[in-house]
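Written out below as structure tokens is the structure these notes cover.
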Amino acid sequence: MIVTIDGVAASGKSSVSSGVARALGIPYVSSGLLYRAATLLGLEAGVDLHDAPALLALLDNHAPRLEPLAEGNRVWSGTRELTDALHSSRVDAGVSVVAVLPELRAWVDAQLRALPEPFVAEGRDMGTNVFPHAGAKFYLTASPRIRAERRARERPEDIPAIEAALVRRDAKDQVQSAPAPDAQVIDTGPLTLEGVIGVILEGLGEVGKA
């Protein structure tokens, strides 16, 4: 069983996916962390983030490894844990550059497809490109202002600045962020985290009856 949860930046994908995975008793997989790991390693090495061959060579040497857990994913490069460093403003700014590179998308997709089922897969194109055969697909969205307010609770940054950055990110990610035709679209704006998780679990129950 594979459940895909896609959506725009800061729509709550990770928290929702973790909650759904815990309810189902299976891991969840955060594809975005692999793109963020590639971005972080590239920034640290001084590699041009537009240079796909250089980034791939760097990844071959440092081999980021995703550890999928229901309570939250962890990312390692050798014995070094990268997880806490992946959610900085500089990684936010660079990850869209990395995520549009076809070579990097193919690299991430290969890492994800090698993982054993079952799991909840979270990202932007899980249901459309990586796991089009998934039995249940969901897509999360919310207004830029609501997403900025949520992100501001996690980081000491100005809400209007975060909102402007999210709008730019949405424009860059437009192709990767399109929902699958058979995905259930959920506006998370008026819902609590528990409410979104509940809608998905209810949707999974309907899928099971079909």
Side-chain angles (χ1 to χ4, degrees), residues 1-9 11-42 49 52-78 81-83 86 91 94-140 172-185 200 203-204 207-208:
M1 177 180 70
I2 297 176
V3 178
T4 62
I5 300 179
D6 293 322
V8 292
S11 56
K13 298 185 297 294
S14 295
S15 298
V16 169
S17 297
S18 177
V20 171
R22 287 197 304 270
L24 297 175
I26 60 178
Y28 95 92
V29 175
S30 178
S31 65
L33 290 183
L34 287 173
Y35 290 109
R36 287 178 173 274
T39 303
L40 176 67
L41 292 172
L49 296 184
L55 281 172
L56 288 175
L58 181 66
L59 295 175
D60 283 343
N61 289 330
H62 294 278
R65 176 175 56 85
L66 184 70
E67 183 181 6
L69 304 167
E71 63 271 16
N73 285 203
R74 302 168 75 185
V75 182
W76 303 83
S77 177
E81 184 171 1
L82 305 178
T83 313
L86 298 181
V91 172
V95 68
S96 287
V97 175
V98 172
V100 298
L101 298 173
E103 299 92 337
L104 268 293
R105 300 198 70 79
W107 177 84
V108 169
D109 292 353
Q111 312 305 306
L112 298 175
R113 290 173 180 145
L115 295 172
E117 301 177 26
F119 52 77
V120 176
E122 170 260 306
R124 282 183 176 73
D125 62 349
M126 297 297 99
T128 53
N129 180 56
V130 186
F131 302 112
H133 59 287
K137 303 176 183 179
F138 301 90
Y139 185 90
L140 308 184
K172 290 181 181 179
D173 293 347
Q174 190 171 10
V175 174
Q176 287 82 19
S177 292
D182 53 344
Q184 178 180 343
V185 178
I200 290 177
L204 289 172
V207 170

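This structure is a prediction, so every number in the text was calculated from the model and none was measured. For reference, positions follow the sequence shown, starting with 1.
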Are any non-hydrogen side-chain atoms of [X] and [Y] less than 4.5 angstrom apart?
X      : Y      : value
Val130 : Val108 : no
Tyr35  : Arg105 : yes
Ile200 : Val16  : yes
Leu59  : Leu104 : yes
Pro64  : Trp107 : yes
Leu112 : Phe131 : yes
Glu67  : Trp76  : yes
Tyr28  : Asn73  : yes

Between Ser31 and Glu122, does any side-chain donor sit less than 3.5 Å from a side-chain acceptor?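 Checked: Ser31/Glu122 side chains show no N/O donor-acceptor pair below 3.5 Å.
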
In terms of side-chain geometry, is the basic nitrogen of Lys137 or Asp182 positioned less than 4.0 Å from the acidic oxygen of its partner?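 Asp182 and Lys137: salt-bridged.
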
Taking Leu34 as the fixed residue, which of Thr39, Val29, Leu66 is the one that meets the side chain to side chain contact (heavy atoms under 4.5 Å, CB included) rule?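 The side chain to side chain contact (heavy atoms under 4.5 Å, CB included) with Leu34 is passed solely by Leu66 among Thr39, Val29, Leu66.
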
When rounded to the nearest 0.5 angstrom, what distance separates CD in Gln184 from CG in Leu204?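 It is 9.0 Å, given to the nearest 0.5 Å.
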
